[in-house]
Structure formats: structure tokens, C-alpha cells
Engineer: 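I'd like to ask some things about the structure below.
Order of listing sets the numbers, starting from 1, for every ligand and every atom in it.
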Amino acid sequence: MNADTDSFHKAVLPPIAATIASLREQVQKARQAGRTIGFVPTMGALHDGHASLIEAAKSARTFCVVSIYVNPTQFAPNEDLAAYPRTMDADRAKCGRAGAELIFAPADSEMYPLGEQTRVKPGILADRMCGLFRPGHFEGVCTVVAKLLNIVQPDIAFFGQKDAQQALIIQKMVDDLRIPVLIQVCPIVREADGLAMSSRNAYLSPEERRQALCLNHALTLGRDRLLAGEKDMQSITSSMRDEICRVVHFHGGTVSIDYVEINDAVTLVPRDAPFGRMLLAGAVRIGKTRLIDNMIVDV
Ligand code: AMP
């Protein structure tokens, strides 16, 4: 590597703050320099979906802080906390390329100091969809996001539509707790064949990767039937379930469906007839990997 490329690579690697004190110091410097603060919370193992949030923060001309923290309180004891991919060096390079200016990568003791007790408990939005299959998950998410927003104090925080239910719950939390931050929700970034990008896609074997397309196929089918004017919601969701099984079986696998639903896109209440803005959403388990995806349909 010659001196030029070496300095280029150094230039795009954002500094890492491991403590709240160091993070606050650097954010304060940016504020004093007249910058607004953008914030992208992540659990790392970054892909182009995460990069799109960083790019949105950059387009909004903010000083973009990315947190990389695998939050233990949002994993149930039987879930993949220990196995969750951790790829800090690659993440740092990706943050730099996308335009992040600071990484916050705290230790557990920084986020959950000895003796801590307090949790942020969401309301009924968290009782549906993923909330039914991952008890306590959204309480863990709200708790860590509230802590991170208090620590970073951003002007704008960027979340992905990929986790549609999470984005609605966070918006509600911010409204209810009067947290002074704008929440911007960014579109789902997909692989060329339509699979929604996810850090958990790294768990998939080549056969499972082909089977994983079932969710996108089913959502597309549901969307097309709604847009074609079909009114029977039960028939639509059952054809979506059939499509999931068809794709997975075609590629030689088995699948367990957590849910496939067509809900109001804001309240998440199930629709018994098509109208307004709807969220088509599903969660499936392929092998040991749980995948989620969704689409918005307006009729
Ligand atoms: P995670 O690291 O999975 O906790 O995700 C961090 C943020 O990235 C969340 O706001 C996610 O919704 C968002 N995100 C994850 N995957 C995608 C994707 N494929 N497209 C857009 N945003 C995403």
C-alpha cells in the first residue's frame, strides 16, 4: 500500500468512542462547530441497509454518529445473542465509506451499569406481530434506544422500515416520553433477488439462502392481489402462507411461519377489508434463522 492509499484508508475510518464521556465530548465539539447531530443505532455486522441509513444522515448534512452495540436485553435466553455476528473492523470501514463521523461502541457495563433496574415498557403496538413471538424483545429495544438517545442527544435518528414494528414503537416512545428528536424511517434495502438485507442472512446456508426468498415472494403475491382489487383478506393471507411453503419446499427445506398479517400501517390492527395504508408483514424461521420482511400497500 503506498502512502496515498494508506492515508485515504486512515481518513475514512471514523474514531471509536467506547465510553459515554468520550462520546459526549466529541458530539459536543461537533455541536460547537455548528453541526446538527444525526444518529444511526445498529447492532453491527453492517450491510448496505445500514449504510443507507448513514447515507441518509449524510444527505441531511448531519454529523453522523453510528452506535454498534449488541444489546443483550432484547434477546430472550433461547435466542442468538452469543452467536450474533460481530465484525467491528469491517463495520468501521463500512461506516467510514458511508460517511459516518463517529462510532459509539460501548461495553455492556457502560450501557447497563451494576445495579441498574429501570426499563422502558412499550404499549400495545408491542403486543402484536413479533412481540407475540419474542416476549420482552421490544422492552429491551425501547430501553436501549432511550438510553442511546439520552447519551447521543441527536437532532435526527434514522431507523429502517425493515423493522417496521420497531420503527412505530420507537416513534411512539419518543412521542410519549417527549424525547426531543426527529425520527426518520428509511426504505428497505434488498439484495438483487429481493431478499431484504439482514445481519442474520449470514447464518443461512446456500440452500437456506434460496429458501429465504419465500417471504419476499409471499409479500409480493399479497401486494399484487390487493392491488388487483381482491377483498377477501383471509384468502390473501392464506395464499401468502401457501407461497412461503411452496418456495421453501421447492428448495428442499422446511419452514415454520411465526405470522403473516395484513394490518393497519400505523396501529398494526389487523384489517378485515382492504382500505387505506396497510402493512403486509411476515416472520418465518428457516433452519435456526428467523427472518422478517414487510411491504406497505395503499389502496
Ligand atoms: P440492526 O443492526 O439489525 O439492529 O439494525 C439497525 C438499523 O438498521 C435498524 O433501524 C434497522 O431497521 C435498519 N436496517 C436493517 N436492515 C435494513 C435493510 N435491509 N434496509 C434498511 N434498513 C435496515
Side-chain angles (χ1 to χ4, degrees), residues 38-60 64-75 79-81 83-88 90-92 94-95 98-100 103-106 111 122 125-126 129-130 134 137-149 152 154 156-174 181-204 209 212-213 215-216 219 265 279 281-283 289-296:
F39 178 45
V40 177
T42 81
M43 298 208 298
L46 301 185
H47 49 66
D48 287 351
H50 297 111
S52 75
L53 305 184
I54 300 170
E55 281 154 12
K58 207 180 157 197
S59 302
C64 176
V65 180
V66 177
S67 65
I68 297 180
Y69 179 62
V70 184
N71 172 41
T73 63
Q74 70 190 70
F75 290 79
E79 292 185 338
D80 57 341
L81 173 62
Y84 200 84
R86 287 158 171 90
T87 57
M88 184 51 98
D91 288 354
R92 191 178 182 196
K94 196 155 188 91
C95 282
I103 293 171
F104 180 48
M111 296 302 290
L125 281 173
M129 297 166 57
C130 288
R134 304 188 68 189
H137 169 69
F138 288 117
E139 183 170 314
V141 170
C142 284
T143 300
V144 80
V145 172
K147 284 172 188 266
L148 289 167
L149 292 174
V152 179
I156 315 178
F158 298 83
F159 290 85
Q161 176 64 17
K162 162 81 179 4
D163 298 274
Q165 184 177 16
Q166 169 176 281
L168 290 169
I169 291 169
I170 296 294
Q171 180 64 67
K172 190 81 184 98
M173 174 186 80
V174 159
V181 64
L182 188 77
I183 302 296
Q184 186 169 321
V185 182
C186 301
I188 302 177
V189 177
R190 298 179 179 281
E191 304 285 357
D193 63 2
L195 180 69
M197 289 191 185
S198 163
S199 306
R200 291 193 166 94
N201 292 349
Y203 298 148
L204 300 169
R209 170 65 183 78
L213 270 183
L215 211 40
N216 180 258
L219 293 167
L279 179 74
T289 309
R290 187 173 187 277
L291 300 173
I292 59 171
D293 197 355
N294 69 82
M295 284 182 191
I296 295 279

Engineer: How close does the nearest protein non-hydrogen atom get to atom 4 (O) of ligand 1, and which residue and atom is it?
Structural biologist: Met43 CG, 3.6 Å
Engineer: Check whether Asp163 reaches the backbone of Ile292 with its side chain - one donor and one acceptor, N or O, closer than 3.5 Å.
Structural biologist: no
Engineer: Suppose we measure from atom 12 (O) of ligand 1 to each protein heavy atom; which comes out shortest, and what is that distance?
Structural biologist: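 Answer, as residue, atom name and distance: Asp163 OD2, 2.6 Å.
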Engineer: I'd like to check which ligand 1 atoms, numbered from 1 as shown, lie under 4.0 Å from a non-hydrogen atom of Thr42.
Structural biologist: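 Per the distance check, 2 (O), 6 (C).
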Engineer: Would a distance-only check, ignoring hydrogens and angles, find a side-chain to backbone donor-acceptor pair under 3.5 Å from Gln165 to Leu125?
Structural biologist: yes
Engineer: Rounded to the nearest 0.5 Å, how far does CG of Asp293 lie from CD of Gln161?
Structural biologist: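 Answer for the CD-CG pair, Gln161 versus Asp293, is 10.0 Å.
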Engineer: At under 4.0 Å between heavy atoms, is it the side chain or the backbone of His47 that contacts ligand 1, or both, or neither?
Structural biologist: side chain
Engineer: With heavy atoms of Met197 as the reference, note each atom of ligand 1 found under 4.0 Å away.
Structural biologist: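 In order of number, 16 (N), 17 (C), 18 (C), 19 (N).
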Engineer: Is it the side chain (CB and beyond), the backbone, both or neither of Pro187 that lies under 4.0 Å from ligand 1, heavy atoms counted?
Structural biologist: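 Backbone only.
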Engineer: Among all protein heavy atoms, pick the one closest to atom 13 (C) of ligand 1 and tell me residue, atom and distance.
Structural biologist: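 Atom 13 (C) of ligand 1 sits closest to the protein heavy atom Leu53 CD1, 3.7 Å.
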Engineer: Rounded to the nearest 0.5 Å, what's the gap from CD1 on Ile54 to SG on Cys64? Could you check?
Structural biologist: 5.5 Å
Engineer: Pull out every atom of ligand 1 sitting under 4.0 Å from any heavy atom of Phe159, numbered as shown with elements.
Structural biologist: 10 (O)
Engineer: Distance under 4.0 Å to a non-hydrogen atom of Lys162: what atoms of ligand 1 satisfy this?
Structural biologist: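 Going through ligand 1 atom by atom, the ones under 4.0 Å from Lys162 are 16 (N), 17 (C), 18 (C), 23 (C).
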Engineer: Determine yes or no for a side-chain-to-main-chain donor-acceptor pair under 3.5 angstrom, with Asn294 supplying the side chain and Leu279 the backbone.
Structural biologist: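 Answer holds: no.
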Engineer: Would you mind listing which atoms of ligand 1 come within a distance below 4.0 Å of any non-hydrogen atom of Pro41?
Structural biologist: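 That gives atoms 6 (C), 7 (C) of ligand 1.
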Engineer: Find the distance between CE (Met88) and CD1 (Ile68) and round it off to the nearest 0.5 Å.
Structural biologist: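 Reported to 0.5 Å precision, the distance equals 4.5 Å.
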Engineer: Specify the protein heavy atom at minimum distance from atom 20 (N) of ligand 1: its residue, its atom name, and the distance to 0.1 Å.
Structural biologist: Val189 N, 2.9 Å
Engineer: To the nearest 0.5 Å, what is the distance between CE (Met295) and CG (Leu215)?
Structural biologist: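 Between Met295 CE and Leu215 CG, I get 8.5 Å after rounding to 0.5 Å.
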Engineer: Could you establish whether Gln161 and ligand 1 come within less than 4.0 Å of each other, counting only heavy atoms on the residue side?
Structural biologist: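 Outside the 4.0 Å threshold, so no.
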Engineer: Working to the nearest 0.5 Å, report the span between CG of Asp80 and CZ of Arg200.
Structural biologist: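 Going from CG on Asp80 over to CZ on Arg200, the span is 4.0 Å.
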Engineer: In Å and rounded to the nearest 0.5 Å, what is the OH to NZ distance from Tyr69 to Lys147?
Structural biologist: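 With rounding to 0.5 Å, OH (Tyr69) is 8.0 Å from NZ (Lys147).
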Engineer: Say whether, by atom type as modelled, one donor and one acceptor occur between the side chain of Asp91 and the main chain of Leu46 under 3.5 angstrom.
Structural biologist: yes
Engineer: Using a heavy-atom cut-off of under 4.0 Å, does the side chain or the backbone of His50 touch ligand 1, or both, or neither?
Structural biologist: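 Within the 4.0 Å criterion, His50 contacts ligand 1 through side-chain atoms alone.
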Engineer: Quick one: does ligand 1 sit under 4.0 Å from the side chain of Val40, the backbone, both or neither, non-hydrogen atoms only?
Structural biologist: neither
Engineer: Give the atoms of ligand 1, by number and element, whose distance to some non-hydrogen atom of Gly160 is under 4.0 Å.
Structural biologist: 9 (C), 10 (O), 11 (C), 12 (O), 13 (C), 22 (N)
